[in-house]
Amino acid sequence: MKDYEIVIGLEAHVQLLTESKVFCGCSTKFGLAPNSSTCPVCLGLPGVLPVLNEKAFLYAIKTALALNCRIQDIIKFDRKNYYYPDLPKNFQISQYDKPLAYSGYIEIEHNNAKKKIRITRVHLEEDAGKLIHEPGKGLSYVDFNRTGIPLLEIVSEPDISSPEEGSAYLQELKSILQYLKVSDCNMEEGSLRCDANISVRPRGEGSLGVKAELKNMNSFKAVRDALSYEAKRHVELLRKGERIVQETRLWNERKQITELMRTKEETHDYRYFPEPDLVPFTVDKKEIDRIKRSLPELPQAKKKRFIALYGLGKYDAGVLTRDMEISNFFEETIKLFDNPKKIANWLSGDIASILNERKITIGRTRFKPAHLAELLDLIHTEEITGKMAKEILPEIFDRGISPKEIVRSKGLKQIKDAGELASVIDDVLRENKKSIDDYKKGKVNALIFLVGQVMRKTKGQANPKIVNEILKKRLEGGG
Amino acid sequence: MPNKKTIDEKTVKHVAGLSRINLSGKEVKLYQRQLTGILGYINKLNELDTKDTLPTSHPLGNLKNVFRKDSVRKSLSAEDVLKNAPAKKDGFFKVPKIIE
């Protein structure tokens, strides 16, 4: 791979968070009964006229400005014509030669290096319907609820040079969109989708290699895996002296390979022409400036501020600001418990694991900043140990009650009394003679092990600092 | 197809293919003649001098920025939507499988 260079461009489709569809009043709610959210406009029945959703347009402009794009002077829509069962009108209202915005960029940070990934274009279009295939029966089922849901297509320049960089770009894009509150970017529900163009070339070569288009990648991991697979496939073909064919390939998640979907020769001929049912749109300079000024603090800026203001490391600041809800939670907690590093550790450690496990965002749980602040305070005042705090954390998530109350109702408290600890420590030393010898031979880890044993016997209630002191004294004083 | 005055049979077949229409040899010849005629007629427009004219994407030149508010209106019932469907199942339209 070292002698080859990977060139990647990503095309993201983002569902905008509107109540109604982009050209009609049907609901955009996910998971409705099939074909229950359609009307003559989105079904393309004769004689109907589309009218643009003001919020979808505004969200598109807002996103384009956050991505440092220029806004088109005169914005118009076009018809993209193709015949397919997911498209009741036989054309999709999209944008062709005059996308809503162009020439932007996103700044990403990968392997501790900053890089600008340029954005070619951002355009607004309507989504198509959903097809469900029934294997073996030669049948497909069509649900038109998704038809007409507003989509923003965001196309990058081929500035991405590794699968990991591609994933970092997508992560940054997702964070920006969530900060703007224009999309929930849920890859599983399809509100963020991604296609890729990828090619390889011998390092130092000026012209681009033949590219493949990749589709059907439904998670960040899938994007990374599919790109890695495809890059390797290209390099192997080139090494064998074979020719790469321009084609569209699908990522097969189960088999972890890409499979041929169609070659260039079969590529659709979309016969774009201007959509005569929609008038042109313009945004004047004053309005653009007003929207620019109203943009929220974006992830990269917040990250810089977290580093400067709270003295966090780059990594911690990155983890916290990637998710807007987490970054807000962090700042809310600081108001109540002024120790940024401790809060950051909990948010990126135990709390992140619980959220991952439950596949939920922090805003949707009953765990609040006040709970975390109280929990940290209980540890700080040595009422409970860190281990005890970790143990009651899931319960705070489940019940949304204060840590103090859980501590009280369970009768939890730290054992700090040396007398009370002495008998447990006696037991532990008796049962672990080998560790005592190890310690005397200079193995410091033996002490940590013994402290752990005491913690276990006290179900995490012993104060580890005091246990440590007593143990050390006993070991050095001759057991 | 800018400035192309005739349509050959290959183009007719290509366009028919895109529209999922099967044409007989006779039909291909017929449409080739008719489409060439239509294009020839439209081509008259090329005789106009449009050097100083802006491209028109919409006939209502003065009208722009027509929006609707983002509010949900009642949709059709699934039952009505599926009324004319030749084949349906469990609220879905049923179609022959198309792999892509």
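This structure is a prediction, so every number in the text was calculated from the model and none was measured. Below, chains carry the letters A, B, ... as their sequence lines are ordered, and counting in each starts from 1.
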With only heavy atoms counted, which part of A:C42 is less than 4.5 Å from chain B, the side chain, the backbone, both or neither? neither
In terms of the angle between their ring planes, are A:Y82 and A:Y270 parallel, tilted or perpendicular, with boundaries placed at 30° and 60°? perpendicular
Winner by heavy-atom pair count (cut-off under 4.5 Å) against chain B, out of A:P34, A:S27, A:C26: A:P34
Check step by step if salt bridge (charged side-chain N to carboxylate O under 4.0 Å, His left out) holds for A:K76 and A:D78. CA-CA 7 Å; A:K76 71 169 177 77; A:D78 300 279; 2.6 Å; yes
Check: B:F93 ring centroid to A:Y141 ring centroid under 6.0 Å: no
Using a strict 4.0 Å threshold on nitrogen-to-oxygen distance, state whether B:R68 and A:E54 make a salt bridge. no
A:F144 versus chain B, the contacting section by heavy-atom distance below 4.5 Å: side chain
Part of A:I132 lying under 4.5 Å from any heavy atom of chain B: side chain
Against chain A, label B:S71 side chain, backbone, both or neither, depending on which of its atoms sit under 4.5 Å from a heavy atom there. backbone
Below 4.5 Å from any heavy atom of chain B, which atoms of A:V22 appear? Answer side chain, backbone, both or neither. backbone
Between A:F281 and B:F67, does the ring centre distance come in under 6.0 Å? yes
Okay, B:D90 and chain A: the region with an atom under 4.5 Å from a heavy atom over there is backbone
